[in-house]
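One structure below.
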Amino acid sequence: MKGGVQSAKADCITVIMLNTQNTPSPDTYFGCNVFNETVMRNCLPKKVFEAVMCTRKMGTPLPKDAADSVANAMREWAVANGCTHFTHWFQPMTGVTAEKHDAFLTPVSGGVILDFSGKELIKGESDASSFPSGGLRATFEARGYTAWDPTSDAFIKDRTLCIPTGFVSYTGEVLDKKTPLLRSMEAVSRASVRMLRLFGNDKVQRVMTNVGPEQEYFLIDKASYDAREDLILTGRTLFGAKPPKGEEMDDHYFGNLTQRVSDFMRELDEELWKLGIYAKTEHNEVAPAQHELAPVYTTSNIAADHNQLTMELMKKTALKHGLVCLLHEKPFAGISGSGKHNNWSLSTDDGQNLLDPGDTPQDNMQFLLVLCAFLKGVREYAPLIRLSSASAGNDCRLGGNEAPPTVISVFIGDDLQRVLDAIEQGKALDDNGKERFNLGVDAMPQFRKDTTDRNRTSPMAFTGNKFEFRMLGAADSISCFNFVMNTIFAHEITEFCDELEKADDFQTALHDLLVRTIRENKDIIFNGNGYGDEWFAECKRRGLPNYPSTVEALMQYDRPEFVRIFEEMNVLNKAEITSRKEILLDNYSKTVGIEAKTMLDIARKKILPVCISYTKDLCEAIAAKEHISPMLRISSAVEDALASQISDLTAGLYDAIEDLREVIQLACRADGVQATAETYRYKVVPAMERLRTTADALEILIPQDKWPFPAYSEILYNI
Ligand code: ADP
Ligand code: MG
């Protein structure tokens with residue numbers, strides 16, 4: 001060891017090892033900002049530590065004296081690491097995290113002491129009236145409570161101890177994204193343990209849902225960002241002609257990182273590792289200026305917390321490098337958008353992955369039952385899955401040729417398809433469903449073929465031992481998709497258990513159940529090209545629902561059959577679902593409303609004057625030619641043509657501005673959340689598209705130095 005840096009933690013001093021570059025080795029500081037199991041083991045009395053672990057693993061409440069002891073240790077650890085404040089860190093329906101900082105100080109006669117009680121750890125009270133509640137909380141009951149989630153580690157951010165919490169109203173209704181996720185994980189565990197008992201497993205106590213979210217994002221220069229009002233106010237460009245070079249050369253995907261991007265990624269990794277976030281894979285994505293980060297997967301709830309922190313740190317770290325991180329689903333029209341691939345799987349506390357088919361899937365009845373529950377659930381509750389990734393931003397991305405279609409289907413691959421076909425048709429399989437292939441390079445080992453090949457076009461693909469859901473938008477919280485998926489899965493497994501537990505002969509009943517489930521739900525499986533037109537026609541033939549936009553999707557949220565499963569699985573009640581539907585519709589309207597008004601502002605104040613002034617320049621050029629040399633007859637054909645083309649387009653621009661202004665007013669006057677959202681969807685969005693098309697046509701004709709903001713090619717190729 002060349003040198004060492006000491007980082008003080010209460011009762012545990014970490015020595016950070018320096019390597020030959022004099023930079024600390026990640027394993028020595030990984031998780032140094034987290035009050036994790038290791039820290040707790042070191043600084044809590046053994047009994048208290050065991051009580052916390054029991055709370056974490058089994059959900060048993062923590063006794064008050066144990067909570068006091070944890071709070072005390074947390075405060076000591078946080079203060080030793082430079083903290084002055086604590087906050088309950090929660091995830092209201094705004095989509096971003098919220099925090100309200102309190103100092104540890106408590107006044108005593110003659111001074112202050114540093115204090116933090118078990119009560120403050122477990123429960124916080126905050127004025128919830130400024131967070132969206134969808135009518136759940138009358139203003140006279142404006143109080144909301146934040147409640148400690150002991151399953152997710154407290155951590156330090158900006159010298160503040162952050163305690164992950166759920167957020168509920170005074171009357172106990174859920175107002176956040178974490179609480180339903182935690183409840184849905186409980187439901188999956190309950191149902192799956194019950195199922196495992198049927199297969200003779202008496203050991204398993206808990207089944208966890210796991211997620212590995214792959215996060216896509218854009219990095220652009222801060223100066224370009226600052227020059228674009230649309231990016232500043234809405235996170236995406238509302239105007240912009242397609243650049244001469246887009247993605248056609250496939251030269252960005254996995255390409256070399258520029259120095260600036262590489263420096264950014266290094267610093268981001270370090271910040272994430274300090275927070276115990278398993279950032280692992282980073283690369284350039286398909287679009288210019290687009291990148292991806294994938295962490296190692298972990299329990300859903302922690303993955304959701306970590307993903308929120310990752311997004312926050314991406315934005316903060318970018319700024320330190322003179323960059324801006326864009327998480328919008330479609331920052332640039334005509335260029336691939338950003339999604340978040342949600343890899344979902346189930347694991348048991350005895351180490352099984354319930355989605356691992358094993359070597360011979362046809363024999364692995366437990367796997368097949370899980371697979372069938374998944375397929376049946378997705379077919380029956382496809383609208384819920386669709387709406388779990390619905391947002392105004394994602395509307396710009398889904399259904400394009402770079403993102404999944406808006407119709408839900410599942411890809412399972414040829415091997416599993418053969419197995420399901422054989423079961424349905426009552427045939428024995430003539431092979432074990434796996435092939436071997438040789439990569440053809442002598443030095444390379446032979447690989448077993450994956451159970452699935454890579455289908456990039458499916459919204460939900462089975463990828464060997466997990467399902468990859470590809471519809472989520474880059475800016476979304478992953479909680480909604482996961483609590484929806486977990487609820488659906490728990491419901492299906494519960495129904496299967498109800499049936500199988502009653503059976504006299506388990507094996508026969510299981511076989512019959514599998515055959516029936518495959519037969520009734522196979523329409524949800526699609527292994528072909530999801531971007532092709534044929535698939536769209538086939539969806540219609542199969543009767544698979546298609547909700548092209550957020551508004552149509554969200555309108556399904558409170559269908560009675562959906563309310564029933566949320567209530568049965570104890571995840572959300574009817575009032576909570578109705579409130580969510582309202583909040584999300586309202587959020588859609590507000591987002592589109594801000595975009596529309598920003599467009600109006602830019603078009604009226606920036607684009608229109610430039611067009612008028614450039615037309616004037618052209619007319620002056622024509623007049624000058626005529627004036628200086630009437631006899632020489634220097635042709636002004638080009639100026640004539642340009643001036644007339646630009647004049648016509650400018651007239652079109654003006655009309656489009658007026659049209660947009662009118663429909664915005666219409667939306668503002670609409671009565672109720674639903675009518676407002678529908679007006680934005682069916683009137684405002686098309687008017688925005690018309691305005692954009694005209695403005696983009698003008699951008700191509702007007703000199704770059706006169707155009708009021710940087711063009712796509714300047715933004716996308718300068719870092
Ligand atoms: P690809 O881009 O090929 O899909 P990546 O390596 O970028 O692959 O991302 C794969 C993601 O899936 C990672 O976050 C990884 O941790 C996660 N993952 C791997 N196995 C599982 C699993 N069993 N359950 C959930 N997520 C998983
Ligand atoms: Mg992936």
Side-chain angles (χ1 to χ4, degrees), residues 30 181 184-185 188-189 192 206-217 250 252-255 257 265 268-269 272-273 275-287 290-311 314 336-358 361 364 366-367 370-371 374 402-404 410-413 416 447 449-472 474 476 478-479 481-483 485-486 489 530:
F30 184 86
L181 180 60
S184 74
M185 289 166 70
V188 166
S189 186
S192 308
R206 266 190 104 69
V207 173
M208 277 76 66
T209 53
N210 301 310
V211 178
E214 301 163 51
Q215 176 75 49
E216 292 180 337
Y217 60 99
D250 292 329
H252 194 254
Y253 192 53
F254 286 9
L257 303 178
M265 285 183 178
L268 176 64
D269 275 344
L272 293 173
W273 291 337
L275 282 171
I277 297 172
Y278 315 101
K280 172 115 175 139
T281 313
E282 265 149 316
H283 59 81
N284 284 353
E285 256 300 324
V286 174
Q290 193 185 28
H291 311 278
E292 180 183 298
L293 181 148
V296 177
Y297 71 94
T298 181
T299 333
S300 316
N301 172 39
I302 293 167
D305 286 359
H306 281 182
N307 184 250
Q308 291 292 341
L309 285 169
T310 302
M311 291 193 285
M314 279 178 165
S336 283
S338 298
K340 181 140 52 191
H341 292 179
N342 187 108
N343 294 276
W344 183 91
S345 73
L346 301 152
S347 63
T348 63
D349 57 2
D350 69 349
Q352 298 179 61
N353 175 352
L354 296 182
L355 282 173
D356 187 347
N364 190 339
Q366 184 183 297
F367 165 74
V370 170
L371 178 68
F374 187 91
E402 68 313 318
V410 181
F411 166 90
I412 58 167
L416 276 183
F447 285 104
K449 190 179 164 189
D450 225 333
T451 34
T452 57
D453 63 28
R454 294 269 163 169
N455 180 320
R456 292 275 162 198
T457 66
S458 174
M460 278 186 139
F462 183 69
T463 52
N465 60 5
K466 59 186 164 48
F467 274 100
E468 182 170 343
F469 180 62
R470 306 208 180 99
M471 271 176 126
L472 272 182
D476 276 345
I478 63 170
S479 298
F481 165 71
N482 285 288
F483 83 67
M485 191 64 244
N486 294 350
F489 180 80

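Computed over heavy atoms, backbone and side chain alike; hydrogens, waters and symmetry mates excluded. Indexing begins at 1, ligand by ligand and atom by atom, following the structure's order.
- When only interatomic distances are considered, the shortest N/O to N/O separation between Ser345 and ligand 1 falls below 3.5 Å.
- Ligand-side atoms of ligand 1 in range of Pro295: 13 (C), 14 (O), 15 (C), 16 (O), range being under 4.0 angstrom from any heavy atom.
- For His283, no nitrogen or oxygen atom sits less than 3.5 Å from a nitrogen or oxygen atom of ligand 1, counting backbone and side chain alike.
- The atoms of ligand 1 that sit less than 4.0 Å from any heavy atom of Asn353 are 23 (N).
- Within the 4.5 Å cutoff, no side-chain heavy atoms of Phe462 are placed close to those of Val410.
- Where the criterion is an N or O separation shorter than 3.5 Å, residue side chain and backbone included, Glu214 meets it with respect to ligand 1.
- Ligand 1 places these atoms under 4.0 Å from at least one heavy atom of Lys466: 12 (O), 18 (N), 19 (C), 20 (N), 21 (C), 22 (C), 26 (N), 27 (C).
- In terms of polar-atom proximity, defined here as any N/O pair under 3.5 Å, Val296 makes no such contact with ligand 1.
- With a 4.5 Å cut-off on side-chain heavy atoms, Leu272 and Leu309 do not count as touching.
- Scanning for salt bridge (Lys or Arg N to Asp or Glu O under 4.0 Å) contacts around Glu402 gives Lys330, with sequence neighbours left out.
- At a heavy-atom cutoff of 4.0 Å, ligand 1 is contacted by no atom of His341, backbone or side chain.
- Residues Thr209 and Met485 have side chains not in contact (no heavy-atom distance under 4.5 Å, counting atoms from C-beta outward).
- Taking only non-hydrogen atoms, the option from Tyr297, Trp344, Tyr278 nearest to atom 27 (C) of ligand 1 is Tyr297.
- The shortest heavy-atom distance from Lys280 to ligand 1 is not under 4.0 Å.
- Neither the backbone nor the side chain of Thr463 comes within contact range of ligand 1; no heavy atom lies under 4.0 Å.
- Side-chain contact check for Leu416 versus Phe367: some heavy-atom pair is nearer than 4.5 Å.
- When each atom of ligand 1 is checked for a heavy atom of Glu292 under 4.0 Å away, the hits are 7 (O).
- In this view, Phe481 and Phe469 satisfy the ring pair (Phe, Tyr, Trp, His ring centres under 6.0 Å) rule, not counting sequence neighbours.
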